[in-house]
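Data first, discussion second: the structure below is written as structure tokens.
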Amino acid sequence: MTQPSFLELKNVFIVRGSKQVLSGINWCINPGEHWVLMGPNGCGKTTMLEIASGYLWPTDGEVYLLGGKLGEVYLPDLRREIGFVAPWVLGRIQENVPVEDVIASGLDASIGYVSSISSHFKSQIRHQLEFFEALELQGRHFGELSSGEKLKVVLSRSLISKPRLLILDEPFAHLDLTSRYHCYDFLGKLSREPKGPSIVLVTHYLEDICPFFTHALLLKEGHVQAQGSKKEVISSDLLSQTFHIPKKSFICRN
Ligand SMILES: Nc1ncnc2c1ncn2[C@@H]1O[C@H](COP(=O)(O)OP(=O)(O)O)[C@@H](O)[C@H]1O
Ligand SMILES: [Mg+2]
């Protein structure tokens, strides 16, 4: 039997304020696929991912998350299966929260608050930090950490509930080149885990498109400009049409 898709948006429209932000979006993520999402500022990428993770409801259209239809499934259970990392998540975590609590808060999709951590989850947290080669962050407070260290903690938080879908909305925005390259390695390692999640990355940088990404979607003014295999979509022609800049500006490494 074929596995259901992890995410399906069917003819999705959304109005925010007085603006039509997304129009007629069709998008499907199947198990084993890893997607890059690109498009100019304000074109609707974050809105699309907020719909995809069950935090926003479309004005029209249907959303299927991990086999369940939005509106017919119990969202808190589903949210545990979706890891979400965005710069605003980092901003919401108070400086004095211990690293272990930040990570544990991912178990109930809250941000930085936990009542108590069982010894079983303590060992899971250690394991998660080990994955990111960041065991030395145990016992530190979130506010003391560098941007790269904070991202490792927030990635650990998003993975602690073993999600099937990991959504990364411009996660590398404040990282230097070294930290970025380390993150590429960790995401590559995650993509090779037998039960690892499908990864969706929003980025403005072509160098962030690691070899493990299989598919890409280009969004422009709330419409899908192109989607499909990474090789076909991340091309100078389509990027030039999406971003309105000359083809020669893009050096694609596909
Ligand atoms: N809470 C909101 N209320 C009204 N409009 C919003 C809200 N959030 C985003 N928008 C508008 O929706 C459009 C798309 O925003 P967004 O999805 O954040 O774009 P992107 O992530 O591609 O930069 C923008 O015009 C933005 O101003
Ligand atoms: Mg955005």
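Ligands are counted one by one from 1 in listed order, and the atoms in each one are counted from 1 as well. Note that this is a predicted model, so its numbers are computed, not measured.
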Please determine, by modelled atom types, if Thr47 and Arg16 share a side-chain donor-acceptor pair under 3.5 angstrom.
yes

Side chains of Asp176 and Ser179 only: does a donor on one sit below 3.5 Å from an acceptor on the other?
yes

Show which atoms of ligand 1 fall inside a sub-4.0 Å distance from at least one heavy-atom site of Lys19.
24 (C), 25 (O)

Short check: any N/O/S atom of Thr47 below 2.8 Å from the Mg ion (ligand 2)?
no

Is the number of heavy atoms from other residues, nucleotides or ligands within 6.0 Å of CD (Glu136) greater than 12?
yes

Atom 19 (O) of ligand 1 [closest protein heavy-atom partner, distance rounded to 0.1 Å]
Gly44 N, 3.3 Å

Just need the protein heavy atom nearest to atom 9 (C) of ligand 1, so name the residue and atom and give the distance.
Arg16 NH1, 3.4 Å

Output yes when a side-chain donor or acceptor of Thr59 lies under 3.5 Å from a complementary backbone atom of Val15, and no otherwise.
yes

Hey, is Cys43 one of the residues with a heavy atom under 4.0 angstrom from ligand 1?
yes

From atom 20 (P) of ligand 1, work out which of Gly42, Ser18, Gly17 has a heavy atom at the shortest distance.
Gly42

Closest candidate by heavy atom, reference atom 21 (O) of ligand 1, pool Val21, Thr46, Asn41, Thr47
Thr46

Under 6.0 Å between the ring centres of Tyr184 and Phe172?
yes

Determine the interplanar angle of the Phe186 and His182 rings, folded into 0 to 90°, and report it as parallel if under 30°, tilted if 30 to 60°, perpendicular if over 60°.
tilted

Heavy-atom distance from atom 14 (C) of ligand 1 to the protein below 4.0 Å?
yes

